[in-house]
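Note that this is a predicted model, so its numbers are computed, not measured. Note: hydrogens, waters and symmetry copies are ignored here, and every other heavy atom, side chains too, is used.
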Amino acid sequence: MDISVAPVTIDNAHRQNPTKLSSQRKPSRGGWKAAFFVICKPIFSSFLFSFFMDLYLECLMKLSLLFDAAVEMAERFAFYGLAGNLITYLTNNLGEPVITAAKNVNTWVGVSAIFPLLGAFIADSYLGRFKTILASSVIYFLGMVLLSLSVSVIPMHSRKAVFFTALYVLAIGEGGHKPCVQTFAADQFDENNPEEKAAKSSFFNWWYLGIVTGASVAIVVVIYLQDNVSWAAGFGVLSGSLAVALAVFLIGIRKYRKQRPIGSPFTSVAQVFVAAAKKWRVSETHGGRGICYEDDRRGGSHVKGQTMSRNLVRTKQFRFLDKAMIIDDKDTLSKTRDPWRLCSLNQVEEVKLVLRLIPIWLGCLMFSAVITQLHTFFTKQGSTMLRSIGPNFQVPPAALQSLVGLTILIAVPIYDRVFVPIARKITGHSSGITMLQRIGTGLFISILNMVVAGLVETARVNTAAKHGLIDAPKAVVPMSVWWLLPQYVLTGLGDVFTIIGLQELFYDQMPEEMRSIGAAAYISVVGVGSFINTAVISVVQVISSRHGNEWLGDNLNRAKLNYFYWVLAGLSAFNLCAYIWISKGFVYKKVENTDERVGEGKASGMGGYLDVKV
């Protein structure tokens with residue numbers, strides 16, 4: 001659709017003085033009151049509602065957001081209740097070899113993390129986040145019901161087919177759920193309100209703490225039911241929790257700020273590239289008649305109480321795209337603006353935001369390949385070790401994943417309340433360290449994780465050899481399972497830095513109308529990382545088998561799992577070096593009429609441009 005041209009004009013409709021906003025009447029929608037339903041839905045289903053209410057009592061009394069997190073914790077409760085012990089069901093109940101089961105787990109986790117890209121596109125372009133969350137929650141619930149039936153009433157000859165069908169129905173539900181819930185909750189904070197903007201700075205920490213609570217309870221309670229009662233009982237609890245969580249989410253329906261979809265955001269991206277290509281010979285000094293500042297794309301789509309669009313500052317990166325906003329003679333003579341020939345400065349800068357995130361996305365893939373071990377080889381390691389607590393209780397090997405959640409539950413409050421204030425005094429950044437520094441710290445921790453895991457595995461194999469158990473794969477190695485504690489703790493610490501950092505980065509640095517896609521992009525890191533892990537497993541198997549000694553096999557006592565961990569450590573070290581190099585050239589988003597850039601960096605103007613580093 002053509003838009004009227006107003007050459008060299010600036011749209012001031014969205015530029016408001018933040019100091020005036022704080023004195024305005026507080027909106028009846030959004031805030032902590034609304035986020036409560038999204039955060040607390042999973043809390044109801046994880047049996048920790050009273051604990052969570054105590055933990056957040058102060059926030060509830062001071063702020064007005066908290067309807068939102070209910071949905072996410074329920075979904076995490078169900079996802080980890082399934083993923084945490086999936087390899088055990090595949091090997092013990094469906095009779096799959098360890099390597100095949102590990103690849104199937106990685107593939108399912110990967111697909112579940114890739115589908116959110118499609119779900120985010122549908123949410124941002126057509127349905128909106130609220131409707132997408134609602135539809136995907138229903139699909140997820142139906143998938144879990146089918147999974148429960150597949151392990152109980154479905155005949156044995158059809159059980160495997162129905163089981164895998166149910167798994168991928170769940171993956172479809174994940175596709176709409178994952179990218180929208182966190183973004184929908186963050187949307188409850190108005191960025192034009194200083195109080196709510198300040199509250200959102202801690203939101204991502206506490207959000208992740210909430211979903212980890214649901215995951216930890218699932219790992220402890222549901223996996224115990226699966227191992228000691230029945231798989232049908234375990235999956236039945238997950239189905240019930242999803243039903244309760246959906247009801248809780250709907251209770252807050254009148255409190256939510258709902259963003260309207262504005263059509264495909266990829267159209268806007270394509271317009272910039274096409275317009276820049278059409279004007280590749282034009283420059284600001286030769287044939288140019290100024291810059292188009294006016295941005296009418298959002299027109300009347302603004303919703304009362306919704307965060308309003310903000311104008312971006314011009315940057316020096318990807319300057320070839322700047323040609324898309326140069327007004328030439330043809331644009332001046334035209335009565336209407338052709339969006340495929342002339343774009344606004346804001347539109348061009350939004351495309352640059354997306355392009356800057358791509359190298360960061362690539363630099364985090366190895367991190368996901370490392371944490372994938374949590375659901376596969378870490379669990380198989382624990383199954384071979386002493387797991388007794390007292391004379392009658394055996395710790396389920398998959399339940400050790402709760403140590404990751406426990407680490408996060410302890411580390412997030414310490415990070416938010418202790419580390420950030422101390423770091424803020426040293427660096428001057430409001431968040432203590434930048435988002436990229438936080439992510440990089442987690443990447444370094446993942447290297448340590450694989451080094452430590454390899455050392456522990458070496459000790460386990462040596463213990464098995466000492467007691468003559470090398471060729472007894474089902475025998476219990478006389479070594480306590482608690483030797484695995486360091487690698488689980490390091491996994492949790494890595495998540496605190498990298499996963500939460502990615503959540504915040506891909507929310508803050510994406511164009512506002514593409515934030516669901518931003519959430520999907522960070523989630524897809526986990527999916528592609530799972531596929532990379534599968535590829536590494538296949539390559540290691542091929543190379544090691546040529547030398548007559550497979551590193552990964554059903555008999556872990558004779559396998560060389562420690563070598564595999566060290567290979568991952570080496571690849572992660574190389575990846576960290578590449579990430580540091582990429583980060584040094586990253587430019588954070590800068591919004592006009594603000595004192596600092598989004599991302600907590602220092603900005604210095606240079607000839608009308610913004611030049612900022614990590």
Side-chain angles (χ1 to χ4, degrees), residues 76 79-80 82-87 102-103 105-114 116 174 178 208 211-212 215-216 218-219 360-382 397-398 400-409 411-412 438-454 456-457 484-503 505-506 521-537 561 564-573 575-576 579:
R76 293 295 85 193
F79 181 83
Y80 282 99
L82 171 59
N85 211 20
L86 181 57
I87 192 170
K103 289 181 178 180
V105 172
N106 289 338
T107 300
W108 176 71
V109 171
V111 171
S112 297
I114 293 295
E174 288 262 304
K178 273 187 174 180
Y208 197 63
I211 64 176
V212 166
S216 299
I219 290 169
I360 301 299
W361 182 88
L362 293 171
C364 295
L365 295 179
M366 273 309 302
F367 176 85
S368 296
V370 167
I371 63 174
T372 301
Q373 313 314 313
L374 181 68
H375 303 302
T376 53
F377 292 120
F378 281 14
T379 299
K380 296 306 293 185
Q381 271 183 289
L400 293 175
Q401 295 172 38
S402 63
L403 297 172
V404 176
L406 180 62
T407 300
I408 295 172
L409 290 172
V412 166
R438 181 172 188 170
I439 293 169
T441 302
L443 297 183
F444 176 74
I445 292 174
S446 71
I447 299 172
L448 294 180
N449 190 2
M450 288 297 94
V451 172
V452 170
V456 173
E457 175 62 12
L484 300 178
L485 177 63
Q487 61 202 63
Y488 281 100
V489 170
L490 287 171
T491 300
L493 291 176
D495 281 3
V496 169
F497 284 91
T498 294
I499 296 297
I500 300 177
L502 283 171
Q503 288 177 350
L505 182 74
F506 278 83
Y522 111 76
I523 293 167
S524 69
V525 169
V526 177
V528 178
S530 297
F531 293 134
I532 289 176
N533 183 62
T534 298
V536 173
I537 290 175
L561 183 58
F564 175 71
Y565 286 153
W566 290 334
V567 166
L568 291 179
L571 293 174
S572 297
N575 177 77
L576 178 61
Y579 173 85

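In this structure, R438 contributes its side chain and L502 its backbone to no donor-acceptor pair below 3.5 Å. T491 places no side-chain N or O within 3.5 Å of a backbone atom of V404 that could act as its donor or acceptor partner. Between the side chain of T498 and the main chain of I439, a donor-acceptor pair closer than 3.5 Å is present.
Considering all non-hydrogen atoms of both residues, A411 and L493 come closest at CB-CD2, 4.0 Å. The two residues I532 and A369 come nearest to each other via the heavy atoms CG2-CB, 4.3 Å. G382 and P397 make their closest contact through C-CB, 4.0 Å (heavy atoms, listed as atom of the first residue, atom of the second, distance). Shortest non-hydrogen contact noted between S368 and G529 is CB-CA, 3.7 Å. Considering all non-hydrogen atoms of both residues, A573 and I447 come closest at CA-CD1, 3.4 Å. Minimum interatomic distance between G454 and Y565 (heavy atoms only, all atoms of both residues): N-CD1, 3.7 Å.
Using a 4.5 Å heavy-atom cutoff, the side chains of L484 and F378 are not in contact. Looking at heavy atoms from C-beta onward, L86 lies out of side-chain contact with V109 at the 4.5 angstrom threshold. Considering only heavy atoms from C-beta on, C364 stays 4.5 Å or farther from Y522 through its side chain.
The side-chain hydrogen bond (donor to acceptor under 3.5 Å, both in side chains) test applied to Q487 returns Q381, not counting sequence neighbours. Remark: Y488 engages no residue in a side-chain hydrogen bond (donor to acceptor under 3.5 Å, both in side chains) (not counting sequence neighbours). Applying the side-chain contact (heavy atoms from CB on, under 4.5 Å) criterion to T376, with sequence neighbours excluded, gives I87, A102, V105, N106, Q373. Applying the ring-ring contact (aromatic ring centres under 6.0 Å, His included) rule to F564 yields the partners F377; only residues at least two apart in sequence or on another chain are considered. For F506, there are no ring-ring contact (aromatic ring centres under 6.0 Å, His included) partners, not counting sequence neighbours. Scanning for side-chain hydrogen bond (donor to acceptor under 3.5 Å, both in side chains) contacts around D495 gives Y208, with sequence neighbours left out.
Interatomic distance, L365 CG to S530 OG, rounded to the nearest 0.5 Å: 10.5 Å. How far CD1 of I537 is from NZ of K103: 7.0 Å, rounded to the nearest 0.5 Å. The line from CG of L362 to CG of N575 is 9.5 Å long, rounded to the nearest 0.5 Å. Atoms CG and CG, on N533 and L571 in that order, are 10.5 Å from each other to the nearest 0.5 Å. The CE atom of M450 lies 6.0 Å from the CG atom of L568; values are rounded to the nearest 0.5 Å. Here the straight-line distance linking atom CG of L490 with atom OG1 of T407 works out to 8.5 Å at 0.5 Å rounding.
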Subject >> V528 vs W361, side chain to side chain contact (heavy atoms under 4.5 Å, CB included): CA-CA, chis, key distance, verdict >> reply: CA-CA 10 Å; V528 178; W361 182 88; 3.7 Å; yes
Original post:
Can you list the steps and then say if V111 with F531 is a side chain to side chain contact (heavy atoms under 4.5 Å, CB included)?
Top reply: CA-CA 9 Å; V111 171; F531 293 134; 4.1 Å; yes
Subject >> Stepwise side chain to side chain contact (heavy atoms under 4.5 Å, CB included) check, I499 with F367 >> reply: CA-CA 9 Å; I499 296 297; F367 176 85; 3.8 Å; yes
